[in-house]
Amino acid sequence: MKSEKKEVNLAPAFTPADIEAPLYQKWLDAGYFKADATSKKPPFTIVIPPPNVTGVLHIGHALDHTLQDILTRMKRMKGFEALWLPGMDHAGIATQNVVEKQLAAEGKSRHDLGREAFVKKVWEWKAESGGAILDQMKRLGDSVDWEREAFTMDANLSTAVLTIFKRLYDQGLIYRAERIINWCPRCLTALSDIEVEHQDDAGEFVSVRYGDGEQSIVVATTRAETMMGDGAVAVHPDDPRYKHLVGTEVMLPLVNRMIPIIADELVDPDFGTGAVKVTAAHDPNDFEMAMRHNVPFVVIMNEHGVMAGTGTEFDGMDRFDARVAVVAKLKELGRIVAEKRPYIHAVGHCSRCDTTVEPRLSKQWFVKVAPLAKAAGDAVRDGRVKIEPEELAPRYFDWVDGMHDWCISRQLWWGHQIPVYYGPNDEVVVCGPGETPPAGYTQDPDVLDTWFSSALWPFSTLGWPAQTPDLAKFYPTSVLVTGYDILFFWVARMMMMGLFAMDGVQPFHTIALHGLVRDRFGKKMSKSRGNTVDPIEFMDKYGSDALRFTLARGANPGSDQALAEEWIAGARNFATKLWNATRFAMMNGANVDGPLPAFDSLDGISQWILTRLDQTVAEVDALYESYEFAKASEIIYHFAWDDLCDWYLELSKASFAAGGESAKVSARVLGHVLDQLLRIMHPSMPFITEELWCAFTGGETLVTATWPSANSGLRDESSISLITQVQELVTEIRRFRNDQGIKTSAKVGAKFIGLESAGLAPYESAIRQITRIESIESGASAKIEVGKIGIEFDLTGAIDVGAERARLTKDLATAEKDRTTAKVKLDNEGFMAKAPMEVVQEIRARLAETSADIERITAQLAALPQA
RNA sequence: GCGUGGUUAGCUCAGUGGUAGAGCGCCUCGUUUACACCGAGGAUGUCGGGGGUUCGAAACCCUCACCGCGCACCA
């Protein structure tokens with residue numbers, strides 16, 4: 001009985017656009033992504049690294065989200081109460097910039113509106129245009145719990161901010177001080193150290209003579225314009241050149257003020273002239289020296305970076321214009337001793353707008369990080385928090401152990417306003433949630449650094465400071481998945497704040513760091529290079545699954561990955577392959593009905609695919625659990641494409657063609673393999689697997705289906721070597737046919753010799769099917785040998801002797817080379833004496849095998865007719 | 001300067017002691033019971049240089065060279 005092809009309720013071609021949106025809607029409607037705090041299941045929690053409210057989905061998010069979704073979906077299938085919590089960051093400077101730009105287009109500034117109206121405007125902007133990224137996350141298939149979506153400026157998250165601020169203040173960990181801070185003259189706000197990016201800029205290094213005659217000293221500087229603010233000149237205490245001058249005074253040119261020469265260890269006598277101008281109000285190092293030596297703070301620039309208060313012609317000039325003008329003037333006065341131009345040196349730029357940062361003396365709020373950072377370091381040191389991959393831990397320690405106090409006040413309007421109130425006589429009151437300041441007190445106008453509220457994210461999103469069921473169930477979170485680029489910005493700060501707020505309980509068990517997505521040549525993507533890519537465009541073109549799989553397949557822990565459009569096309573091809581394989585399986589009646597036939601009753605081909613499936617499940621599971629997404633994807637890819645499609649489906653065709661009981665068994669085994677494969681593929685390719693699995697099994701969803709368990713007992717390693725033999729035999733036959741120019745479609749008659757003794761007799765029909773060889777009784781005109789098996793072909797007419805000689809000669813060369821390597825080893829006394837037994841055995845077997853091959857091939861060559 | 005990663009096929013990358021791998025690209029052939037977004041077959045590497053350890057090194061050690069990344073300094 002021939003098997004009947006079944007009607008298949010699957011489109012003949014895979015079109016991602018047709019299935020993705022409806023499936024996502026189906027998942028939302030069913031509420032699969034909602035986490036239940038009252039559940040008895042063990043929790044699995046990931047909080048999303050909150051994208052900026054101004055942001056759109058870029059390829060880096062696509063990678064980050066894919067990895068988080070893989071973990072979340074897998075854990076959900078494993079029976080965890082999985083919560084992936086989405087949300088956004090209010091992104092103080094970035095958002096304020098966007099709205100200010102809009103106002104500027106109307107010729108207005110935020111000051112025209114006033115604070116209250118401006119902030120209202122930002123909220124309006126957020127409601128209308130903010131959060132575009134959230135819809136894009138749906139395209140990607142993110143299985144986040146939308147009911148728990150959070151925003152750092154939400155009421156409850158703001159409560160968390162007030163609570164932690166007051167708690168830190170009360171413990172003396174928040175203080176206000178006048179310091180040199182990083183100032184952006186364009187954004188008009190203070191910045192923390194990490195919001196400053198250092199770039200190598202070209203400047204000029206000029207040496208200027210201060211004073212005259214005996215009473216003079218030459219200082220070298222790149223910032224001549226600040227000299228009007230100099231309060232001293234410093235030299236190293238042991239510098240013999242200047243020892244006699246320490247304690248005396250020199251005349252400061254341009255402003256004609258006498259300033260002292262001081263001695264300080266900070267000065268490097270080998271750099272420049274060994275004498276440094278001390279501009280206490282405009283340089284952090286000078287500030288430190290000034291504090292030690294009572295040098296006055298002379299402010300010579302305003303908040304816009306414009307010269308002011310010097311009482312010279314330079315007042316009113318921009319700092320960079322002033323630099324040029326000051327140098328020109330000094331030259332005119334004959335005070336430039338030497339100059340070096342261009343002089344490449346690192347200069348800080350605002351990470352938001354790229355303006356050159358100006359060190360500025362100002363009164364700001366700081367977090368005293370020492371104790372917090374110590375705890376954050378210890379949590380990793382003592383193993384409570386693991387950093388994956390480990391190589392990135394030193395980078396974390398380096399930063400956490402050497403962190404400066406954190407400047408948290410920003411001169412912005414968009415953000416959490418600092419909950420500090422000042423009384424008429426400079427009294428200071430800090431108000432926690434629900435507390436009100438005494439009458440007549442006014443609130444500090446500044447807002448907090450955005451990262452202050454982001455640092456609370458793992459618990460503020462769960463309801464803290466209220467003791468909510470969510471907090472009890474889902475804190476600490478399981479794993480933090482993010483790029484190594486925000487290890488300092490965000491991760492370290494969450495560690496500090498989490499440990500502090502939650503009484504020493506770490507915010508996550510594991511920090512899984514991934515790399516950056518780069519262009520096809522491994523170059524950093526940037527707008528200026530013009531090599532950026534748009535994930536949405538890729539999803540439109542190839543489907544979300546293809547994009548996700550490509551990104552997962554490139555994600556080796558902590559390392560960057562290159563990405564090219566062709567790789568995504570390749571992943572789409574893989575999806576199509578899976579689609580067609582499922583169609584084929586369904587046509588042949590593959591099913592998951594009833595129990596699987598007893599493993600021992602199955603033939604070697606089915607035992608083999610089940611064994612390979614079991615190995616694959618075990619490997620993929622272990623790799624996902626250790627954040628090895630690239631390796632897991634690779635295993636899945638090769639199992640699905642090579643083992644299942646190229647071999648199992650092909651080898652099963654004979655069985656399906658035969659119909660009857662064998663076809664039924666194959667259909668059931670195939671059904672099982674496909675069912676399990678779709679399950680392990682679901683986390684990385686959720687859409688297509690859902691579509692196929694539902695069509696094929698009639699089940700409701702894979703989202704909550706059970707994750708396959710390895711070591712199911714459906715495993716027999718000997719089936720692997722059996723099928724390896726079959727594969728070698730088939731490949732050699734194909735090679736012979738190919739070399740002989742026999743069309744793939746052409747059926748050729750041939751007889752097998754020795755199948756029985758090799759244990760392959762039961763698979764003859766499968767082998768014949770896959771190699772398109774028909775049986776004959778006699779009339780062989782050509783013979784090849786593969787190991788101990790001979791194949792006698794009935795080729796009408798003569799064989800291509802030249803091609804056959806070439807084929808055999810090549811085989812002979814390979815065998816001889818292999819035999820030589822084996823022989824060299826076995827002749828080596830050291831090897832025989834010291835190599836482990838099993839290695840020696842292996843090499844011996846190789847020698848025997850290659851020797852036999854050589855003998856056989858030599859005989860075959862000799863038997864060929866002379867050309 | 002301190003720390004850290006890398007140098008493997010044309011490109012992007014796996015491979016951490018036992019006969020060099022993948023994807024893409026390349027060459028030849030090809031519609032066979034799913035799939036040309038496919039199938040079959042094939043070519044391609046003194047594993048950056050030098051030295052060492054070892055019976056055996058792409059892998060371990062030393063050294064040099066060159067790329068990268070982070071941090072600090074840069075008056």
Side-chain angles (χ1 to χ4, degrees), chain A residues 3 5 8 12-14 198 205 219-223 226 234 266-268 271-279 283 285-286 343-347 391-392 394-395 397-399 402 484-485 487-488 515-516 518 520-522 524 542 546 550 553-554 556 558-564 566-567 569-588 630-631 634 637-638 645-646 649-650 652-654 656-657 731 734-735 737-739 741-747 769-770 772 817-818 821-822 825 828-836 838-840 842-843 846 850:
Chain A
S3 68
K5 281 217 201 154
V8 173
F14 168 51
H198 292 270
F205 195 46
V219 301
T221 181
T222 54
R223 301 209 56 196
T226 63
L266 202 64
V267 180
D268 175 1
F271 190 88
T273 62
V276 185
K277 58 199 274 308
V278 180
T279 319
D283 182 281
N285 290 323
D286 293 3
Y343 176 74
I344 306 296
H345 61 143
V347 176
E391 302 94 83
L392 289 172
R395 204 179 274 203
F397 291 130
D398 182 39
W399 195 73
Y484 62 72
D485 53 327
L487 189 58
F488 308 143
L516 273 33
R518 294 167 169 268
R520 69 177 60 219
F521 300 114
K524 197 168 181 171
Y542 304 105
T550 306
R553 197 178 181 189
N556 284 116
S559 51
D560 294 349
Q561 62 169 297
L563 180 72
E566 297 94 288
W567 313 178
R572 185 271 321 266
N573 297 353
F574 178 49
T576 306
K577 187 79 184 172
L578 191 69
W579 184 276
N580 288 314
T582 305
R583 278 182 64 229
F584 173 82
M586 289 170 74
M587 282 185 231
N588 285 288
K631 291 191 179 73
E634 196 67 11
Y637 182 89
H638 288 291
C645 293
D646 288 349
L649 291 185
E650 294 302 330
S652 301
K653 281 178 180 174
F656 288 129
T731 303
R734 283 169 170 168
R735 191 157 79 100
R737 289 182 56 126
N738 214 291
D739 290 346
I742 300 166
K743 285 190 175 183
T744 326
S745 53
K747 294 224 172 183
Q769 167 80 25
I770 200 171
R772 302 191 66 71
K817 186 177 151 253
D818 289 352
T821 13
K825 289 207 174 199
N828 181 329
E829 280 176 31
F831 174 79
M832 296 306 286
K834 296 191 176 172
E838 70 247 31
V839 175
V840 176
E842 198 189 310
I843 306 288
R846 198 184 301 158
T850 48

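Below, read A as the first sequence line, B as the second, and so on, with proteins coming before strands; counting in each chain starts at 1. Both backbone and side-chain heavy atoms feed into the values below; hydrogens, waters and symmetry mates do not.
Checked for salt-bridge contact, A:Glu650 and A:Lys653 meet the test: a charged N lies under 4.0 Å from a carboxylate O.
The residue A:Asn556 sits close only to the backbone: its heavy atoms come under 4.0 Å of sugar-phosphate atoms, none of a base. Residue contacts shown for A:Lys577 include a base, since a base heavy atom lies under 4.0 Å away. Residue contacts for A:Thr744: at a heavy-atom cut-off of 4.0 Å it reaches a base atom on one of the strands shown. When heavy atoms are screened at a 4.0 angstrom cut-off, A:Arg846 is found touching base atoms of the nucleic acid. Here A:Pro12 lies out of heavy-atom contact (under 4.0 Å) with every strand. Counting non-hydrogen atoms under 4.0 angstrom, A:Lys631 reaches the backbone sugars and phosphates but no base. If you check every strand for non-hydrogen atoms under 4.0 Å, A:Glu829 touches nothing. At the heavy-atom level, A:Arg583 lies under 4.0 Å from the strands shown only through sugar-phosphate atoms. Base engagement by A:Arg772 is indicated by at least one non-hydrogen atom pair under 4.0 Å involving a base atom. Residue contacts shown for A:Thr731 are limited to sugar-phosphate atoms, with no base heavy atom under 4.0 Å away.
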### Message
I'd like to know whether A:Thr550 forms a side chain to side chain contact (heavy atoms under 4.5 Å, CB included) with A:Tyr542, so could you lay out the CA-CA distance, the side-chain angles of the two residues, the decisive distance to 0.1 Å, and finally the verdict.
### Response
CA-CA 11 Å; A:Thr550 306; A:Tyr542 304 105; over 6 Å; no

### Task
Verify side chain to side chain contact (heavy atoms under 4.5 Å, CB included) between A:Thr821 and A:Arg846, making sure each step is shown before the conclusion.
CA-CA 10 Å; A:Thr821 13; A:Arg846 198 184 301 158; 5.5 Å; no

#### Entry: Derivation of the side chain to side chain contact (heavy atoms under 4.5 Å, CB included) call for A:Asn588 and A:Phe584
CA-CA 6 Å; A:Asn588 285 288; A:Phe584 173 82; 3.3 Å; yes

### Task
Step by step, work out the side chain to side chain contact (heavy atoms under 4.5 Å, CB included) result for A:Leu487 and A:Trp399.
CA-CA 9 Å; A:Leu487 189 58; A:Trp399 195 73; over 6 Å; no

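Listed nucleotides: B:rG23, B:rC38, B:rU12. Nearest to the side chain of A:Asn573: B:rC38. Minimum atom distance to the side chain of A:Asn738 is reached by B:rA40, of the listed B:rA40, B:rC37, B:rG3.
Put simply, CD on A:Gln561 and CH2 on A:Trp567 are 11.0 Å apart, with the number rounded to the nearest 0.5 Å. In this structure, CZ in A:Arg553 is found 12.5 Å from CG in A:Leu563, a value given to the nearest 0.5 Å. Here NZ of A:Lys524 is found 9.0 Å from CG of A:Asp560. Values are rounded to the nearest 0.5 Å. Summarising the geometry, atom CD1 belonging to A:Ile770 is positioned 10.0 Å from atom CG belonging to A:Leu649; distances are rounded to the nearest 0.5 Å.
Under the Watson-Crick and G-U wobble criteria, each requiring two contacts below 3.5 Å, nucleotide B:rC47 is left unpaired. Base pairing analysis places B:rG17 opposite nothing; no Watson-Crick or G-U wobble pair with both distances below 3.5 Å involves it. With a cut-off of 3.5 Å on both pairing distances, the Watson-Crick or G-U wobble partner of B:rG68 is B:rU4.
Residues A:Lys834 and A:Phe14 both approach RNA chain B. Their nearest nucleotides, taken by heavy-atom distance, put A:Phe14 toward the 5′ side. Comparing A:Asp646 and A:Asp560, the nucleotide of RNA chain B nearest to each residue sits closer to the 5' end for A:Asp560.
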### Annotated protein contacts, base or backbone, on nucleotides 70-75 of chain B with a non-hydrogen cut-off under 4.0 Å, one of B, S, - each
SS-SBB

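Applying the 3.5 Å distance criterion, the base of B:rA34 shares a donor-acceptor pair with the side chain of A:Glu650.
A heavy-atom distance below 4.5 Å is found between the side chains of A:Leu516 and A:Asp485.
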Hey, what are the protein-to-nucleotides 7-11 of chain B N/O distances that come in under 3.5 Å?
none

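Distance CG (A:Leu649) to P (B:rG39): 11 Å, rounded to an integer number of Å. The separation between A:Arg518 atom CZ and B:rC13 atom C1' is 14 Å, rounded to whole Å. The interatomic distance linking A:Leu487 (CG) with B:rG3 (P) rounds to 19 Å, in whole Å.
For the C1' atom pair drawn from B:rA58 and B:rG17, the interatomic distance equals 11 Å after rounding to whole Å. Nucleotides B:rA9 and B:rA20, compared at atom C1', are 10 Å apart to the nearest Å. Comparing the same atom, C1', in B:rG15 and in B:rA36 gives a spacing of 32 Å after rounding to whole Å. B:rU44 sits 14 Å from B:rC24 when the C1' atoms are compared, rounded to a whole Å. Between B:rU8 and B:rC13, the distance separating the two P atoms is 10 Å to the nearest Å. Rounded to a whole angstrom, the distance from the C1' atom of B:rG45 to that of B:rU19 is 15 Å.
Taking side-chain N and O atoms only, A:Lys743 has no distance below 4.0 Å to OP1 or OP2 of B:rA40. The side chain of A:Asn828 contributes no N or O atom lying less than 4.0 Å from OP1 or OP2 of B:rG56.
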